[in-house]
Amino acid sequence: MNVSSHAGTDQGNPLLQGLNPEQRAAVTFTGGNTLILAGAGSGKTRVLTTRIAWLLQTGQASPGGILAVTFTNKAAKEMVTRLTAMVPVSVRGMWIGTFHGLCNRMLRAHAQTVGLPKQFQILDMQDQLSAVKRVLKAHNVDSEMLPPKKLQSFINSCKEEGMRPGDVPVRDADSRQRVELYQVYEQQCQKEGVVDFGELMLRSFELLRDNAAVREHYQTRFRHVLVDEFQDTNRLQYQWLKLIAGAGYARDEQRGLACVVAVGDDDQSIYAFRGARVGNMADFVREFGVQQPIKLEQNYRSYSHILDSANALIAHNSQRLGKTLHTDQGAGEALRIHESVNDLAEAQWIVDEVRQLMQVDGFARQEIAVLYRSNAQSRSLESALITAKVPYRIYGGLRFFERAEIKHALAYLRLLENANDDTSFLRVVNFPARGIGARSIEGLQDQAKVKGSSLYAASATMDGRAGDKLRSFVQLIEQLRQASMGQTLRDVIGLMLEHSGLLAHYRAEKDGVDRVENLEELVNAAESFVVQEGYAVDVTSLPMDEHGTPVGQGLASQGVDLNAPWEEQAIVPVAQRTLAVQPAALDPNQSLFVDVDTGETLTPLAAFLTHAALEAGDNQAQAGQEAIQLMTVHASKGLEFDAVFIAGLEEGLFPHYNSMSDQDGLEEERRLMYVAITRARKRLYLSLAQERMLNGQTQYNVASRFLDELPEESVRWLTPKRNPASRNAGESFGGFSSTGGWNSGGRQSSTYERSSYSARQAEDVPYREGGRYGASKQVAYGSGPVPPQASDGIETHGIRAGQKVFHAKFGEGDVLAIEGKGADAKAKVNFGRHGTKLLLLAVAKLTVVA
DNA sequence: TATCCGGGATTTTTT
DNA sequence: ATCCCGGATA
């Protein structure tokens, strides 16, 4: 390692080879804090990892002084992988991980200080929801009045804003109730020794805020803080960063507050709906004293028609830091826009085109992606692909650790670790069925409430047959715990699967083969985790003392005689645990699972449970399979493909109705479109349909405004661009009208022109006759649904999407879409402050506003 | 305790 | 259209 080299002598540094000037500036920046505005495909991850490598190599930082934070485990892993390939240094000493992963790490290290049991469990969203449901039930709150999901998201957004129940402003009875329930929920979690995702973040933040010693420890330690996807940070995460970086604290040259490098792209901020605050970027510039953000605008991914389109589109957004992508790869091909009669025809066209791409143009299967705005759109695509026997893969869906059978197995394991975990208790107390019904559970819950104990503990005092059954369940767990002592994690899970009856249950189930396989896979996952984390493979997963006597929270392990009367068996709260087994490979200063205060090591089981909660696992199974990729635009962020289709480019779908009513929503949709466009390397197809089956109803939508925001010279319409003006004049394009397609019926009308994107509609768009997208093909697709009769002026009472209408009660509104046909035809109208209404056209008196 | 029916919602999603 | 959930029923 060349420790002596410094910024001035970087010229020949191999790390910096092949970087453009901006990338190099970002990598070697030393003047305090900076913001790197990294456009799509501009080599962001490379810059980030190279910077870390450079800091290490030039001796400006030691591994322990580096904190790099990302949003997804995938990104964190990617960073680690690339980094280890660059510099011969162990990444163990660095803190590289997700916000939540790092918070978890911090809380484990200071469990006592923050008032959490050492083996606290992490609730995922599912777990949290069931915990919330219990709160609501215990307080007899009508789920009609306050749906569990509502309360859950209320709690989460409070935490994201850094608010404890006491900090939430109370305005009316409703909000008072919510705050009270928030408080009850918190108490419940605390009692059970569980934390949700928001809590990891919030409690870590509070630790840093309230404990000067801890804060100074981390502020002193981390000299270099790097943040990925900064545009996705929420308010709390930003505050957390400020604390850990020492912003706002007296600058002390000796101690050297961290140098923070935030990397992000405001144009790719697409997660406002879950709390992301683009405004953090501007705040960062101001509050961290950024002189001049570094812009990475050179794109290494796409041809310029694609980039020009992206640039032109995003220029329609108002609040931007400003950035223009460019490339020297040449123009490439124009974007291809295609309109189909309906969603089925669209899917068919895409499949045909995909075939062409593979067979004629030689694109690799896995290099072709079909993107869509909403998951529901995948249906028609899938069936077309299946019919055509084109292999495909869908991103998203259930992840490994979210599968029901895995959740069940984990619940058993969690009970071994923490018997107070009522969520886990309830999940498996009667699964497989043990004759413990809802009645028994209710009784148990009452009992536990009276005693203020966990359900597990309360089981001891239950009467009658219910009590017997509950006790035998507790016995089962205790026996399992006993049997697990001194066993490896692999064996513990094996024992659990057998004795719990889970395996037997799924073996007996007729469609249980997959589930059994998954359970077996769980054992493998656990073992490879143990190895990866640096435990010795044979390390035992439940602790023993030096005499081989089990220690821990379990009743038996605490010397409780299980045969004694239950009343005499006090439940000992979270005990101090000692570990007999010394996992030699585990470096106490560097492992995730070592308590820095006590030096205590987390058991492999506890570590694995944490891992399972924090990392739900891949949902992109068999990555090796060559298949077309199907996913939502959101899921595509960060990925790239040679050829990309964006399906469903219609007003109402993309941009989506629910986002169209306000400027911010619309701009986020546009950023989403920007993300979609910039996924493509070589070829980009934009697709829309005139008629689409959605929620069981046929919708007729006009073309997405985004299509009109693309530069004309960069796009090519494969089907004639809809041109209401000329259609109005009775002109028909080629043979298209014969298909019963887009210009049948009376879609044209003077009002149509008033739609927001009529500006260029009068212009003539060249239509290529006889191409392979010609009329005959269109006819072939027309085997689907009938022409859009309902868009006929008579049946819709002259109301169309895009119009402004007047309603006696709600006032003026914008027609977002027409749904249904004939007498059932409804208009979705946005009345601004009156909200969006679905009005039956046959009934509602709507007047078109001139 | 398992299953069946009806009602309701149905943008996007990571930790 | 379809999926999920909860309540009611066999």
Side-chain angles (χ1 to χ4, degrees), chain A residues 69-76 97-105 122-130 133 137 142-144 147-149 153 156 159-160 195-202 204 228-229 232-234 236-237 269-276 343 371-380 383 395-399 401-402 430-440 509 610-617 619 631-638 648 652-660 665 668-669 671-673 675-676 692-699 819-820 828 838:
Chain A
V69 58
T70 64
F71 270 86
T72 64
N73 291 298
K74 195 177 160 197
T98 63
F99 276 102
H100 294 86
L102 298 180
C103 286
N104 169 64
R105 188 169 183 170
I122 298 166
L123 301 182
D124 65 15
M125 293 230 294
Q126 263 178 66
D127 298 330
Q128 187 192 29
L129 186 62
S130 52
K133 281 180 182 167
K137 208 161 198 176
D142 186 2
S143 64
E144 299 284 288
K149 284 245 171 66
S153 70
N156 289 338
K159 292 189 179 186
E160 273 161 18
V195 297
D196 56 45
F197 289 131
E199 187 70 26
L200 283 173
M201 215 49 241
L202 181 52
S204 170
D228 192 17
E229 303 282 15
D232 286 338
T233 51
N234 64 33
L236 180 58
Q237 285 158 338
S269 168
I270 55 173
Y271 286 113
F273 69 93
R274 65 178 201 214
D343 47 344
L371 312 183
Y372 36 81
R373 176 71 234 283
S374 74
N375 286 304
Q377 289 171 260
S378 72
R379 243 169 221 299
S380 49
S383 57
Y395 271 58
L398 262 200
R399 333 258 286 287
F401 288 113
E402 287 167 357
N430 197 36
F431 193 94
R434 303 187 169 87
I436 302 172
R439 256 314 137 62
S440 312
E509 208 171 58
T610 299
H611 165 78
L614 243 31
E615 209 169 327
N619 52 8
M631 68 193 84
T632 63
V633 180
H634 281 93
S636 75
K637 194 175 163 213
L653 193 58
F654 199 1
H656 197 275
Y657 303 114
N658 302 3
S659 314
M660 280 164 69
E668 175 135 325
E669 292 290 302
R671 290 192 291 269
L672 198 51
M673 181 66 182
V675 167
R692 183 178 297 278
M693 194 65 139
L694 205 63
N695 302 338
Q697 285 205 305
T698 311
Q699 303 218 355
E819 299 173 4
K828 194 172 240 174
L838 202 57

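As the structure is a computational prediction, the values presented were derived from the model and not from experiment. Note on naming: letters A, B, ... go to the chains in the order of the sequence lines (proteins, then strands), and numbering restarts at 1 for each one. Keep in mind that the numbers below use all heavy atoms, side chains included, and drop hydrogens, waters and symmetry copies.
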Counting the atoms with a prime plus P, OP1 and OP2 as sugar-phosphate, which does [X] contact under 4.0 Å by heavy atoms, base, sugar-phosphate, or nothing?
X	answer
A:D232	nothing
A:Y271	sugar-phosphate
A:M201	nothing

Ring centres within less than 5.5 Å and planes less than 30° apart: is that true of A:H100 and B:dT15 in this structure?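 Not stacked: fails the 5.5 Å / 30° test.
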Is the base of B:dT11 stacked against the aromatic ring of A:F273, taking ring centres under 5.5 Å apart and planes under 30° as the test?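 By the stated criterion, A:F273 and B:dT11 do not stack.
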Nearest whole angstrom, please: distance from the [atom2] of [N] to the [atom1] of [X].
X	N	atom1	atom2	value
A:L200	B:dT15	CG	P	13 Å
A:I122	B:dT15	CD1	P	12 Å
A:E615	B:dT15	CD	C1'	10 Å
A:Q697	B:dG8	CD	C1'	14 Å
A:H634	B:dT14	NE2	C1'	12 Å
A:N234	B:dT15	CG	C1'	11 Å
A:R274	B:dT12	CZ	C1'	9 Å
A:H656	B:dT13	NE2	C1'	15 Å

Donor-acceptor contact present, side-chain A:N430 to main-chain A:I436, <3.5 Å: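 Side chain of A:N430 to backbone of A:I436, a donor-acceptor pair under 3.5 Å: yes, one is there.
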Taking the side chain from A:N73 and the backbone from A:G101, do they hold a donor-acceptor pair closer than 3.5 Å?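 Checking the backbone N and O of A:G101 against the side chain of A:N73, no donor-acceptor pair under 3.5 Å is found.
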Parallel, tilted or perpendicular for A:Y271 and A:H634, by the 30°/60° rule? tilted
A:R373 has a side chain; which of B:dT11, B:dT15, B:dT13 sits nearest to it?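 Ranking B:dT11, B:dT15, B:dT13 by closest atom to the A:R373 side chain puts B:dT11 first.
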Return the nearest nucleotide to the side chain of A:R399; candidates are B:dT14, B:dT12, C:dA1.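 My answer, after comparing the listed nucleotides, is B:dT14.
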Please list, pair by pair, any protein nitrogen or oxygen found under 3.5 Å from a nitrogen or oxygen in nucleotides 1-5 of chain B.
unit_1	atom_1	unit_2	atom_2	d
B:dT1	OP1	A:G435	N	3.1
B:dT1	OP1	A:I436	N	3.4
B:dT1	OP2	A:G437	N	3.1

Mind listing the closest non-hydrogen atom pair of [X] and [Y] along with its distance?
X	Y	result
A:V675	A:S636	CG1-OG, 4.2 Å
A:G97	A:A76	CA-CB, 3.9 Å
A:A75	A:T72	N-OG1, 3.0 Å

Quick check on DNA chain B: between A:L614 and A:N375, whose nearest nucleotide comes earlier from the 5' end?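 Residue closer to the 5' terminus by nearest nucleotide: A:N375.
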By nearest nucleotide on DNA chain B, pick out whichever of A:E669 and A:F197 is the more 5' one.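 Counting from the 5' end, the first nearest nucleotide belongs to A:E669.
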Under a 4.0 Å N-O cut-off, is there an ion pair linking A:R399 with A:D124?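 Salt bridge: no.
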With a 4.0 Å cut-off on N to O distance, would you call A:E669 and A:R373 a salt bridge?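 Looking at A:E669 and A:R373, the cut-off is met.
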Protein-proximity profile, nucleotides 2-9 of chain C, B/S/- by nucleotide at the 4.0 Å heavy-atom cutoff, equals SS--S---
What distance, rounded to whole Å, do you find between the two C1' atoms, one in B:dT12 and one in C:dC5?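 Those two atoms are separated by 22 Å.
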Pairing residues for A:A376 by the side-chain contact (heavy atoms from CB on, under 4.5 Å) criterion, not counting sequence neighbours: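 Partners of A:A376 by the side-chain contact (heavy atoms from CB on, under 4.5 Å) criterion, ordered by chain and then number, come out as A:S374.
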Please identify which of these residues, A:M660, A:E668, A:M673, meets the side chain to side chain contact (heavy atoms under 4.5 Å, CB included) condition with A:P655.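 Per the side chain to side chain contact (heavy atoms under 4.5 Å, CB included) rule, the option paired with A:P655 is A:M660, out of A:M660, A:E668, A:M673.
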Would you tell me if any nitrogen or oxygen in the side chain of A:N658 comes within less than 4.0 Å of OP1 or OP2 on B:dT11?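 For A:N658, the contact criterion (side-chain N or O under 4.0 Å from OP1 or OP2 of B:dT11) is met.
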Compare side-chain N and O positions of A:S374 against OP1 and OP2 of B:dT10 and report whether any pair is under 4.0 Å apart. no
